[in-house]
Structures are given as C-alpha cells and as structure tokens.
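Take a look at the structure below.
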2 protein chains.
Amino acid sequence: MRHIRTKISDVARLAGVSTATVSRVLSNPAMVSADTRAAVQSAVAATGYRPNMAARNLRHRRTGGIVALVPDLANPFFSKILSGIASVLGPAGYNLLIADTRTSGAERLLDYAEPSRADGLIVLDGSLPAEALRGRVPLVEACEWVPDLAAPRVRIDNASAAGLAVAHLADLGHRRIGHVSGPAGNVLTQARLAGTAAALAARGLPFPQTAIHDGDFSLEAGQRAAALWLAQPADHRPTALTFASDAMACGFIGAVQRHGIRVPQDVSVVGFDDIELIAHITPALTTIRQPHAALGRVAAQRLLAVLAGQPGAEDTILPVELVIRSSTAAPAPGR
Amino acid sequence: MRHIRTKISDVARLAGVSTATVSRVLSNPAMVSADTRAAVQSAVAATGYRPNMAARNLRHRRTGGIVALVPDLANPFFSKILSGIASVLGPAGYNLLIADTRTSGAERLLDYAEPSRADGLIVLDGSLPAEALRGRVPLVEACEWVPDLAAPRVRIDNASAAGLAVAHLADLGHRRIGHVSGPAGNVLTQARLAGTAAALAARGLPFPQTAIHDGDFSLEAGQRAAALWLAQPADHRPTALTFASDAMACGFIGAVQRHGIRVPQDVSVVGFDDIELIAHITPALTTIRQPHAALGRVAAQRLLAVLAGQPGAEDTILPVELVIRSSTAAPAPGR
DNA sequence: AATGTCAATGTAATCGATTTCAGCCGCCAG
DNA sequence: CTGGCGGCTGAAATCGATTACATTGACATT
C-alpha cells in the first residue's frame, strides 16, 4: 500500500536519468535510446508512477475537460444525449464534466466557460444568456440553441419534424388537429409550433388558438392539456393532437384514458422524441424519433474538430423519422 | 474582446502590489488593508482576471472534481441520481465528472481513481473490480456496491423492499407469485431475489424455479419474461409477478396486453424504482419507490464528509415506499 | 532609548510536469 | 587532424498560482 504519490523525479532517480528523459519516454518514446527507454519503463512500472494531471495541464495550458451544460439532468431525453457525448469524449481522452444549468446559478456558468476549467463547451440549453458564452471557450450547441450566438449547431429540423406529425394525422383524415407546445420562450417550442402551423396551412386545415395548449415538456403539462381538451365539446375539440414531447403525450394519454377516452379510437396522439419507454405503453406511441445518441456523438465530434483547429461554423442537421405505432388512427366517422 | 489570458502578475502590476497580495485579496481578504484591497479589487475588475485552475490545483494538490462512475448514463434511473449528486456537488464547489463504465475500458477506470484526476469517487456500478478501486481516491458507493470493498454505502434495503412487494400481493390473495430478476451477478439482483424468497417463505407460499425469470433490468427482458409467462398453462402460471425494475415491468405489461391479457385482472404486476413515466401508463404501475434524488444527494454529502476528514464507514439506508397504483388487484376467482 | 509586538506586504520557494536550449560524444568528410 | 553534424541527454526555465518566511515600519513597553 503506497501512500505518498510518486512523482516524475522519483522515477528519474530510480532509473538514473533526468526528469526530462522520463517525460520523453512517456510522451515521445522514439526520442530516447532503447536502453534508457527500457530502464525508465521498468522504473515507471516499479513505482506505479502516474503523471499528475494538474501539472501537465498547467504546462500544456489545457484542462482535458469538456463541460456539458444541461437544463435538466434528470430528464431521460438529455441523459441519452449525454451518453452519446460520453462515448466520443472518453476515447478521445477528454473528461466529461456535467453542469445542471437549473441547479447552478449564472455565476457558476461563467466559471464553466473558463479556459482554465474546460477546453470546450457543449450547450444543451437554449435559454442561457448569449453574452455569458460569447467570446470564451470554444463551444457547440446541441438540440437547443441560444439565439444570437454564432456557434456550430447540431440539431434536427424541428419545423419539418413537426410537419411530419401533422402530415401523418392529415393523411389519416383528421381535420381538427391540435398541438401541445413546449415552454414559452424555448427555441424548440417556437420551431415546432411554426412547423405545425405551416403544415396545417399547407393543407388548408384550421389552426385556431383554442387548438394550441401551452405546455412545458412535462408529464403534468400533458395532464393539464387533457383536462382542457376534455372540457371542450366533443364535436368541436381536435380529433388528433401533436405534442412537443413524448412525456406530455404520455401524461395526456394516461389522463384521458382515466376518463374513458380511448386512444386512438377517440383521439389520436403523436409524441415527439421517441424516448425508450413509450414504445411499450398501451397504446404504443406514434412519435417523431430524434437520434438522441447521434446528436450527442456528432456534437462531441464537432467540438473535437473545433478544438483541433477546424472551424466550420455551419449547422449539422440530423434526420428524424416518423415512427408509426398504435396511438394514431383515422378519426371516428362523423367527427 | 480580450484574447490573452490575464494572469495574477498582470493584476499585481496594475494594482502596484505583489502577486502574493493579489492572491491574499482573493482568498483571504481580511489579511490585507482596506486600501490595498480596494486597489486590487478594482484591478481585478478592470482586467477581468480569473485565476487559472490548473495552477491553483497544482499548488493545492487537489482537483476540485469528483467522478461518478455510472453503468449506463442513458438509463433514466441513473440520471435522477446524478441529478441529486450534481445538486450537492455544484454548490459545494466541486465539478462533477461523469464516466460511463460500459463505454470506457478498465484502463480508464484506473485513471479516474487517480488523486490527480479527482478528489473523490462516487461508484454507482457494483460490477467493477474491487482491486481497481481499493486504496486509491476516497469513495462512496450509491445504490449498488462492490462486494469486498470497504467503503461507505448509501443504498436502500433491497431485500425488505422486495419483501414489501410480495407482502402486498400476498395480502391481495395471490398464492402463485413470480419474480423477474435483474442480471446475474448483480448485487441488487441477489438481494431482491433473496428478499422475495424470504417473504414468500415467511407466508408459506411456494417459489419454484419456474416462477423465477432471469432478466437484466431492460424493457426487452420484460418482453421475454412475458413470452415465457404466456407459454405457461394459465392455471399454473403465477397470478402476480414482482419485477426488479420498472422497465421490465413495463415491457411485460406492454407485451401481455398485446396478447389480450388484462392487467391487473388477469395478472398483477409490481415494479421497482418508481421512474417517472410509469405513473402515467395504463394501468398505472404499482411499484417500490426508490428515493432517487436523495440517494444521489446523500451519497454526495457523505463523500464531502469523507473529504472533510470525517471517516464514518457505516452504511446509510434510505427508506423505500410501496406505491400502490392500478397494476395490482386480487387474483381472479378460482385461480 | 532600546526592545518587542503586530500588521501589512514583498521575496522567493513550491506544486509536478514539459520543453527549450545547450552540451557531449561519436563519426564522417575534407 | 579538424570542423561539422546528428543523436541523446541533462540543466534549467516555464506554466500560474499559493504560501512560508523575511522585512518593514508603526507603535507600545520597560
């Protein structure tokens, strides 16, 4: 049981060389003669030496860490993306630091955007202040984005994704289609709402204010939307709804089912995200599949490219997919 | 737009003092006279100086980071716990580093258990090799644990939690109760299986091998268990099942429903974990609620206590709760 | 007046690795 | 025999902050 950290000078002394040589063996072995190299390597093995990262980082003026700024770590949607990020960053030799932007104050955010804290930033929260991030550490945005922040973005085409959902419902014959949106001010909310409106307009279908429910991505918002929907007269309310998140769709379905409403016979539901569980509920949810892991992976790769000196400011748009399951059907006759 | 990092000597020069004084103003202001302090503070403000963490860490022989070793970052169960960890670590001035033990190889694990990488470790994966973690960085275990590793553990009483589920079903009148377990070798699997067996034995109920399905916590395992259950003759198969995870329970319910089986009328189901969504599916899942966020918070607090020099090696057991929803009912008469 | 105390500040060592620069040695060409 | 070159190595500077120790001057004590 070794208690004192062995440092490079210990190894050097044991091997009978200078610290410079030890360092070279570790980082650029070809530079050192075979004999010395072997001596150093066995000294390293004997002492169990591992370089001190803080010292190395200080000298290299880098940290080896990349921070992901997440709005809500507890949300499974984000954890999938983080998983994708981690799968790229780990093998590339970077540490993944995670900061929950809701938990930590604005002051801390500035700390994270510090070159001495992290070499780069992956921003998953579009509601952060642009000025706190501008002109600091290299960053990319994933999924969400901060308006007015010029940074590479890895995302989906939210408007046309929302349009896919509408098209599917319209093709089934629905004419009164509603939408439950995300939180006000969120960039995704706006894009998906706009895409919904555009797709409806393109088919000459109405989209009155009463067909839009303000949500916030949460299960509870889905339940609230259900209460409002149930309160509308059955021959006026939408026969189908698109949701800005699967969680809301799930909350809606659970709530209306408890009132004897059948999905999809009485109302069709399309979610958004394709989180894992919702393929297994009854009815299995029709939804827009986001490539969660790929979003994270690509964002991480883009950031690595930026760090390697390849600027490339354009956005990366990943494809989505309409996954048709059992929560959508043609509207009941006469509705 | 400032491009060169300002360092402490720049501030010192501007304020007309030595770097030592600047450092003291920043870390121990009371040590410096009011005049000098004001001069330094305005120089700091003027330059926008922020200390270099690598240099500070090197000098302090600490990293300011804590690593969480997670088996599967994409699993919502773990992300809730991480969220709890983050909520404690952030305010305490620590960075949270996350490593996915499945993604990163065993070599990397050793790196993370390095004092120069992290000041402490929170282990959420009980399948890691004890020898890789022993005698290194201070650590605590949460939820799962590594056998033979003497470290503070923050967890629930898995055996009695599993017993709660059995008791509930037995009280409803079920006599053939099955269990779908976690992956072989997992400490939780063993504890929950043992608790299930003990509770059944205490009530004189049978627990044959055929009533145990080997799972792995995943949705798919639940589906597989459903196929096996469906294949058993209706008057011999269990009238109720307890699951080692909600995900498996969810996969089971979805699969049997597709075969016309009604839950809970035809079979009762009890999950484990109480992940968010399963309260909103139909039927709402009866389950054992784990205090996810609290597990993370307490684990983080215990680690901070260890780092502060309070050893305290005993386990912390957090309470669980049986949440009765709609997936359990008395067995059909005559079964 | 000599001495001690204390507060405020500066000087320089330190944390541990990397890297520049210079020196040494051996060998080859002139 | 000498100048030059290339391969290998070590001494020392460096990264940027913290802190042990030394210094200064003001003031109190005897």
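Naming convention: chains lettered A, B, ... in sequence-line order (proteins, then strands); numbering from 1 in each chain.
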Q.
Please determine whether side-chain contact (heavy atoms from CB on, under 4.5 Å) holds for the pair Val70(B) and Asp100(B), giving the CA-CA distance in whole Å, both sets of side-chain angles, and the decisive distance to 0.1 Å.
A. CA-CA 5 Å; Val70(B) 194; Asp100(B) 193 309; 5.7 Å; no
Here the distance between atom C1' of dT19(C) and atom CZ of Arg56(A), to the nearest Å, is 13 Å
Strictly under 3.5 Å: I want the nitrogen or oxygen pairs between protein and nucleotides 12-15 of chain D, one per line.
{"unit_1": "dT14(D)", "atom_1": "O2", "unit_2": "Arg59(A)", "atom_2": "NH1", "d": "2.7"}

*asked:* Is a donor from one side chain sitting under 3.5 angstrom from an acceptor on the other, for Thr101(B) and Asp125(B)?
replied: yes
Rounded to whole Å, the CZ-P distance (Arg62(A) to dA17(C)) equals 16 Å
Whole-Å distance, Arg24(B) CZ to dG10(C) P, equals 8 Å
What are the atom names and distances for every N/O pair under 3.5 Å that joins the protein to nucleotides 23-28 of chain C?
none

Value for CG (Leu318(A)) from NE2 (His292(A)), rounded to nearest 0.5 Å, stands at 12.0 Å
**Prompt:** At under 4.0 Å between heavy atoms, what does Ser23(B) touch on the DNA or RNA strands: base, sugar-phosphate, or nothing?
**Reply:** base
Output side-chain donor-acceptor pairs under 3.5 Å for residues 34-46 of chain A, partner residues at least two apart or in another chain, one line each.
{"unit_1": "Thr36(A)", "atom_1": "OG1", "unit_2": "Ser33(A)", "atom_2": "OG", "d": "2.4"}
{"unit_1": "Arg37(A)", "atom_1": "NE", "unit_2": "Pro29(A)", "atom_2": "O", "d": "3.4"}
{"unit_1": "Arg37(A)", "atom_1": "NH2", "unit_2": "Val32(A)", "atom_2": "O", "d": "3.1"}
{"unit_1": "Ser42(A)", "atom_1": "OG", "unit_2": "Ala39(A)", "atom_2": "O", "d": "3.1"}

Side-chain N or O of Thr36(A) versus OP1/OP2 of dT9(D): is the shortest distance under 4.0 Å?
yes
*Counting only N and O atoms by type, is there a donor-acceptor contact under 3.5 Å from the side chain of Thr189(B) to the main-chain atoms of Pro183(B)?*
yes
Inset, instruction - Report yes if at least one side-chain N or O of Thr21(B) is closer than 4.0 Å to OP1 or OP2 of dG10(C); otherwise report no. - result: yes
Atom CG of Asn57(B) and atom P of dA17(C) are separated, to the nearest Å, by 15 Å
| task | Look at Ser27(B) and dT18(D) and indicate whether a side-chain polar atom (N or O) is within less than 4.0 Å of OP1 or OP2. | result | no
Between Leu96(B) and the options Val67(B), Val88(B), Leu89(B), the side chain to side chain contact (heavy atoms under 4.5 Å, CB included) test singles out Leu89(B)
Open item on the list: At less than 4.0 Å, is any side-chain N or O atom of Tyr49(B) found next to OP1 or OP2 of dG16(D)? Yes or no.
Closed with: no
- prompt: Less than 4.0 Å between a side-chain N and a carboxylate O, is that true for Arg5(B) and Glu114(A)?
  reply: yes
Tested for side chain to side chain contact (heavy atoms under 4.5 Å, CB included) against Leu121(B), the lone hit among Leu97(B), Leu303(B), Leu139(B) is Leu139(B)
Checklist line | Leu307(A) vs Arg62(A), side-chain contact (heavy atoms from CB on, under 4.5 Å): CA-CA, chis, key distance, verdict | finding: CA-CA 11 Å; Leu307(A) 293 177; Arg62(A) 55 158 253 163; over 6 Å; no
From CE of Met53(B) across to P of dG16(D) the rounded distance in Å is 15 Å
Exercise for the section: For Val22(B), report the nucleic acid contact type (base, sugar-phosphate, nothing); a contact means any heavy atom under 4.0 Å. Expected result: nothing
Atom CZ of Arg13(A) and atom C1' of dG10(D) are separated, to the nearest Å, by 16 Å
In whole angstroms, the gap separating C1' of dG16(C) from CZ of Arg117(B) amounts to 16 Å
Atom CZ of Arg50(B) and atom P of dG16(D) are separated, to the nearest Å, by 17 Å
